[in-house]
Every structure is written in C-alpha cells, then in structure tokens.
Amino acid sequence: STDSDKKIFQPQTNDVFKKAIQQMKENNSLILTVADNEYPIEEWDVSKVNDFSNAFADNQNLTDQNLSSWFSPTTHTLNMFGMFFNCTNFTGVGLTNLDFSGVSGNLYLSRMFFDCTNFTGENLQLTLPTTLTGTLDLSYMFLNCTSFTGEGLQTLNFSGVSGNLDLSGMFFNCSNELFTGENLQLTLPTTLGNLDMSGMFNNCTNFIGEGLQTLDFSGVSGILNLAGMFFGCSNVSFTGENLQLTLPTTLDNLDMSRMF
C-alpha cells in the first residue's frame, strides 16, 4: 500500500483517546493495534482531543518520539496536566514547538513534564495564545527536570492572558548546569487578575537570569504571589544587578516572602 492508503487513527472524543492510551499501556507498547492495523503514536491525529491529562504518566517506553503533530490544537480549553509525569526515559528531543496559539479560554499545562529527569528540552519553544480569557496554568511544569537546559526557551510571552496566570514552581529544581536562564525574557500581561510566581525558579542552582531585566507586575489587580520565586538560586553570578521590579498601585494581596 502507498502512503496515501495509510489509515490514520483519529479519536473523536476524549474517552476514545483515553481508552486507546490505556490499551497501549496494557500491551506495553507505543503502537495501537486495531484489527490488523497498527497506529504508532507519532502518526495519530489528536485534533479532536482536548484532555490529555496523565496520558503517558509513568510510561518508560517514551524516549525520543516525535510528537510535534500533537501540539497545534484549536480549542477553548486544553488540559495537559501531568501528561508526561515521571517519563524518566523521555528526552523530548522530538518536541520542537509546542504551539498553543489556538487555545482561547483555559490552558492547563501544570506538572506536564514533572519528574522527566532525562528531558533536556534543548529545542523546546512555547508558543502561547495571543488572547486567553481564562486561566493559564504552567505550575510545576518542569518540576525536577534535572537535565532540562531550556536553551530554546528565550521568550515567554504571557501578554495575551487576561484572567489568571499561575507560574508557581514552573522550573522548581531545574538544577542542570546549562539551565542558566541567561537569555530568558518574560513578558507579563498589562491586565491580569491573579499572578502566582511563587517558587518559580526555586533551587535553580545555576540560574543567573541575565535576561530578566524588567519584571512589570503593574497589570495585576488581584493577588500577586512572589514568595520564594528565586529561593535557592545560589549561583554567584545571580546578582540581580539589572533586575527592576514594577509593582501594582492597587492590589488585593502581595506576598514577597523569601523571594530571594
């Protein structure tokens, strides 16, 4: 058969997707078998799925598969909570651009790569929505990714978020010597409800953050939590000499305890 004859697996609902994932897990495989047809995960069409939570949690078969085609969704709400949790053999080399620009309401990426200890993310770029009316949750997204270099993450543009933004613990314990954040720039929204950046770089022991020269929080109107944001950033080059903070004039609550 030719490539044009190749059948594509396209789950029509979240339930069908979850059942297919479960079947592969039970078969200790990354290829779905239906009748006589085999569907490797790289070739799935997941455009109708918006709940990927815990899909590959604890899956040690995941290594360097190219799942880029999974990451250009068009949906109101997308949930990828814990999607690759504890995939300790997953390098993420095949993940180049995570394009979430088609999400308009809520985007949940919390704990997405939690405990992916071999995940380098060296080519990883995040394209975030230009307009997101609800919540963007990246809390603990790379927690304990001790091989993470973040070299591809030079710009994190959150300016499209107008509801709530949770970046707490996003890079917590990303202690790899190459995760310096020297080129990392953050663009924060001009209008925002709550912003949580507590523990965002906690224990990033090689973080120097030269690219973080301006942190403008003036758009936050609700709760601003910066507690422990740079706690444990013990590198001698993390001087913060060019770091400027702009705080809101009106705010419900502010926590800057142990920020540094």
Side-chain angles (χ1 to χ4, degrees), residues 109-110 113 120-122 124-130 132 135-260:
L109 307 179
S110 176
F113 300 104
T120 64
E122 57 192 296
L124 188 68
Q125 293 182 321
L126 287 182
T127 304
L128 296 169
T130 51
L132 193 78
T135 293
L136 176 58
D137 184 356
L138 305 181
S139 61
Y140 301 100
M141 184 175 180
F142 300 104
L143 173 62
N144 287 344
C145 290
T146 49
S147 299
F148 184 71
T149 67
E151 290 174 79
L153 287 183
Q154 299 194 1
T155 305
L156 288 174
N157 189 348
F158 302 113
S159 60
V161 185
S162 56
N164 299 298
L165 179 56
D166 189 351
L167 306 175
S168 59
M170 182 177 178
F171 300 106
F172 197 124
N173 207 29
C174 288
S175 53
N176 189 282
E177 61 186 14
L178 295 177
F179 184 60
T180 63
E182 60 186 313
N183 299 313
L184 188 64
Q185 294 183 322
L186 300 181
T187 305
L188 295 171
T190 52
T191 306
L192 192 65
N194 302 314
L195 174 59
D196 189 348
M197 297 174 89
S198 60
M200 184 175 180
F201 299 102
N202 193 323
N203 206 35
C204 293
T205 48
N206 293 291
F207 188 75
I208 56 177
E210 283 179 60
L212 293 183
Q213 298 192 3
T214 306
L215 289 174
D216 187 348
F217 303 114
S218 58
V220 182
S221 58
I223 297 168
L224 177 56
N225 188 354
L226 306 175
M229 182 176 175
F230 299 106
F231 190 80
C233 291
S234 53
N235 191 286
V236 292
S237 297
F238 182 60
T239 62
E241 59 187 320
N242 300 314
L243 190 62
Q244 295 182 322
L245 302 182
T246 306
L247 294 172
T249 50
T250 308
L251 198 62
D252 289 345
N253 192 38
L254 171 64
D255 187 349
M256 297 175 76
S257 60
R258 297 185 176 180
M259 183 174 177
F260 299 97

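Counting from 1, the numbers follow the sequence of the chain as shown. Remember, predicted model here, so these are calculated numbers, not experimental data.
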Distance-only criterion, 3.5 Å: show the donor-acceptor pairs between side-chain atoms of residues 180-193 and protein atoms not counting sequence neighbours.
unit_1: Thr180; atom_1: OG1; unit_2: Glu182; atom_2: N; d: 3.3

What closest approach, in Å, do Phe148 and Phe179 show between heavy atoms, and which atom pair accounts for it? O-CB, 3.4 Å

In Å, rounded to the nearest 0.5 Å, how long is the span from CZ of Phe142 to CG of Leu109? 8.5 Å

Asp137 side chain to Thr135 side chain, donor-acceptor N/O pair below 3.5 angstrom: no

CG of Leu138 to OG of Ser110, rounded to nearest 0.5 Å, is 8.5 Å

May I have the list of side-chain donor-acceptor pairs in residues 222-236 shorter than 3.5 Å, sequence neighbours left out?
unit_1: Asn225; atom_1: OD1; unit_2: Ala227; atom_2: N; d: 3.0
unit_1: Asn235; atom_1: OD1; unit_2: Ser237; atom_2: N; d: 2.8

In chain order, what residues pass the side-chain hydrogen bond (donor to acceptor under 3.5 Å, both in side chains) check against Ser218, with sequence neighbours excluded? Asp216

Go through the structure and list residues passing side-chain hydrogen bond (donor to acceptor under 3.5 Å, both in side chains) with Ser147, not counting sequence neighbours. none

In residues 253-260, what donor-acceptor pairs under 3.5 Å come from side-chain atoms, sequence neighbours left out?
unit_1: Asp255; atom_1: OD1; unit_2: Ser257; atom_2: N; d: 2.9
unit_1: Asp255; atom_1: OD1; unit_2: Ser257; atom_2: OG; d: 2.7

Verify whether one side chain among Thr120 and Thr149 offers a donor that lies under 3.5 Å from an acceptor in the other. no

If you look only at distance, which donor and acceptor atoms sit under 3.5 Å apart when one is on a side chain in residues 156-175 and the other is two or more places apart or in another chain?
unit_1: Asn157; atom_1: OD1; unit_2: Ser159; atom_2: N; d: 3.0
unit_1: Asn157; atom_1: OD1; unit_2: Ser159; atom_2: OG; d: 2.6
unit_1: Ser162; atom_1: OG; unit_2: Leu132; atom_2: O; d: 3.3
unit_1: Asn164; atom_1: OD1; unit_2: Asn194; atom_2: N; d: 3.0
unit_1: Asn164; atom_1: OD1; unit_2: Asn194; atom_2: ND2; d: 3.1
unit_1: Asp166; atom_1: OD1; unit_2: Ser168; atom_2: N; d: 3.0
unit_1: Asp166; atom_1: OD1; unit_2: Ser168; atom_2: OG; d: 2.7
unit_1: Asn173; atom_1: OD1; unit_2: Asn203; atom_2: ND2; d: 2.7
unit_1: Asn173; atom_1: ND2; unit_2: Asn144; atom_2: OD1; d: 2.9

